[in-house]
Asker: 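Take a look at this one; I'll ask things after.
Reckoned from all heavy atoms, side chains included, excluding hydrogens, waters and symmetry mates. When a residue number appears, it is its place in the shown sequence, counting from 1.
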Amino acid sequence: CVNVTPKNVWFLDMKQARELMAQFQAQNRRSIYFANHILYPEDFCKGTTIDPNTMALSFSAKERRSPLAAAANIPKEQRTEEQKKLAKIYQDMVEAEESIANSSLIPSRILLWVTTSRNKEGINIKDTDINDVFVESHNISDIIQMAGRVRRGAENLYIIVDPPGHKKELFPEDHVRAKL
């Protein structure tokens, strides 16, 4: 049995996580980010040095995927600038999803793969150069599933303590520390 337990578990706030992702990108270090919500690459990268062209998304919300697919179906020469951006997001998404489904690998040009719980189960990621997994979940079962997607075991698991939509009460010790 291969042990896929991360060697290190770190607790970071969102600001620290984004700074670390930017550092990783500057080092051509690849990582996975399991998000509770999806921001398009340009929005995700605002205020950071992360290059949105090195990201790929994966999520299942049809109302969010449909406009992307529609933009990708418009002939290239007829796309507006906004449609070009949406089409690229969709093409990168499909490329990454198909690569994972067919070879259990994220395309090597993708330095940051951002996905939702859609991919917390049922996929294998066998890339040998992905050592870092970020998660927004605070549910231990989900965290275990997400970390376990990297089939050789991630070096570092980063749990983001203050992602959008989470209540601070999930980590009551933070309240105590904040009052000291």
Asker: Answer yes when K85 and E81 have at least one side-chain N-carboxylate O distance shorter than 4.0 Å, and no when they do not.
Answerer: no
Asker: Tell me the closest heavy-atom pair linking A56 and I110, and the distance in Å.
Answerer: CB-CD1, 3.7 Å
Asker: Working to the nearest 0.5 angstrom, can you tell me the gap between N73 CG and L68 CG?
Answerer: 11.0 Å
Asker: Listed by chain and number, what are the salt bridge (charged side-chain N to carboxylate O under 4.0 Å, His left out) partners of R30, not counting sequence neighbours?
Answerer: D127, D129
Asker: Backbone N or O of A87 within a donor-acceptor pair of the R79 side chain at under 3.5 Å?
Answerer: no
Asker: Membership question, hydrophobic clusters at under 4.5 Å side-chain separation (ILVMFWY): are V161 and I143 in the same one?
Answerer: yes
Asker: With N8 as reference, evaluate N156, N131, D132 under the side chain to side chain contact (heavy atoms under 4.5 Å, CB included) test and give the passing residue.
Answerer: N156
Asker: Are F11 and L157 grouped together when hydrophobic residues (ILVMFWY) are joined by side-chain heavy atoms under 4.5 angstrom apart?
Answerer: yes
Asker: Does the ring of F34 carry R149 above it, NZ/CZ under 6.0 angstrom from centre and within 45° of its axis?
Answerer: no
Asker: Any side-chain heavy atom of L112 sitting closer than 4.5 Å to one from M21?
Answerer: yes
Asker: How long is the span from the CZ atom in R64 to the OG1 atom in T116, to the nearest 0.5 Å?
Answerer: 10.5 Å
Asker: Considering only NZ, NE, NH1 and NH2 on the basic side and carboxylate oxygens on the acidic side, decide whether E95 and R109 come within less than 4.0 Å.
Answerer: yes
Asker: Where do F59 and M93 land on the side-chain contact (heavy atoms from CB on, under 4.5 Å) test, with the steps shown first?
Answerer: CA-CA 9 Å; F59 57 90; M93 180 185 311; 3.2 Å; yes
Asker: To the nearest 0.5 Å, how far apart are CD1 in I159 and CD1 in I140?
Answerer: 6.0 Å
Asker: Starting from I130, can I reach V135 by hopping between I/L/V/M/F/W/Y residues whose side chains sit under 4.5 Å apart?
Answerer: yes
Asker: Quick one: pull up CG in D92 and CG in N53 and give me the separation to the nearest 0.5 Å.
Answerer: 8.0 Å
Asker: Please confirm whether the backbone N or O of I160 pairs with a side-chain atom of E136, one donor and one acceptor, at under 3.5 Å?
Answerer: no
Asker: Can you tell if the side chain of P41 reaches within under 4.5 Å of the side chain of L57, non-hydrogen atoms only?
Answerer: yes
Asker: Apply the test side-chain contact (heavy atoms from CB on, under 4.5 Å) to residues K15 and E19: give CA-CA distance (whole Å), side-chain angles for both, the deciding distance (0.1 Å), then the verdict.
Answerer: CA-CA 6 Å; K15 182 177 187 259; E19 288 170 357; 3.2 Å; yes
Asker: Heavy-atom distance under 4.5 Å between the side chains of L12 and L20, does that happen here?
Answerer: yes
Asker: What's the separation between atom CZ in R65 and atom CD1 in I38, rounded to the nearest 0.5 Å?
Answerer: 10.5 Å
Asker: Do Q25 and T54 have side-chain atoms, one donor and one acceptor, less than 3.5 Å apart?
Answerer: yes
Asker: Under a 4.0 Å threshold between the charged nitrogen and the carboxylate oxygen, would E155 count as salt-bridged to R29?
Answerer: no
Asker: What residues, two or more places apart in sequence or in another chain, satisfy salt bridge (charged side-chain N to carboxylate O under 4.0 Å, His left out) together with E98?
Answerer: none
Asker: Mind running ring pair (Phe, Tyr, Trp, His ring centres under 6.0 Å) on Y33 and Y158 for me, showing each step along the way?
Answerer: CA-CA 9 Å; Y33 180 16; Y158 301 95; over 10 Å; no
Asker: Looking only at heavy atoms, what is the nearest atom pair of R118 and S60, with distance?
Answerer: NH1-CA, 3.7 Å
Asker: Nearest heavy-atom pair of S137 and M146: which atoms, and what distance?
Answerer: CB-CE, 4.1 Å
Asker: Under 4.5 Å between side-chain heavy atoms, counting indirect links through other Ile/Leu/Val/Met/Phe/Trp/Tyr residues: same cluster for L39 and I89 or not?
Answerer: yes
Asker: Side-chain contact test, heavy atoms from C-beta onward, threshold under 4.5 Å: evaluate it for W10 versus F134 and give yes or no.
Answerer: no
Asker: Is any side-chain heavy atom of S104 closer than 4.5 Å to a side-chain heavy atom of R151?
Answerer: no
Asker: Supply the atom-to-atom distance N36 CG to S117 OG, rounded to the nearest 0.5 angstrom.
Answerer: 7.5 Å
Asker: Please name the pair of heavy atoms, one in I100 and one in I123, separated by the smallest distance, quoted to 0.1 Å.
Answerer: CG2-CB, 4.1 Å
Asker: Taking all non-hydrogen atoms of both residues, which atom of L105 and which atom of S99 are closest, and how far apart?
Answerer: O-OG, 2.5 Å
Asker: Where the side chain of E97 meets the backbone of V94, is there a donor-acceptor pair that is under 3.5 Å apart?
Answerer: no
Asker: Cation-pi between R18 and F44: NZ/CZ under 6.0 Å from ring centre and within 45° of the ring axis?
Answerer: yes
Asker: Examine distances only and state if a side-chain atom of T48 and a backbone atom of A22 form a donor-acceptor pair shorter than 3.5 Å.
Answerer: no
Asker: Of the non-hydrogen atoms in P52 and I50, which two are nearest, and what is the gap between them?
Answerer: CD-O, 3.3 Å
Asker: Would you mind reporting whether H138 and P163 have side-chain heavy atoms less than 4.5 Å apart?
Answerer: yes
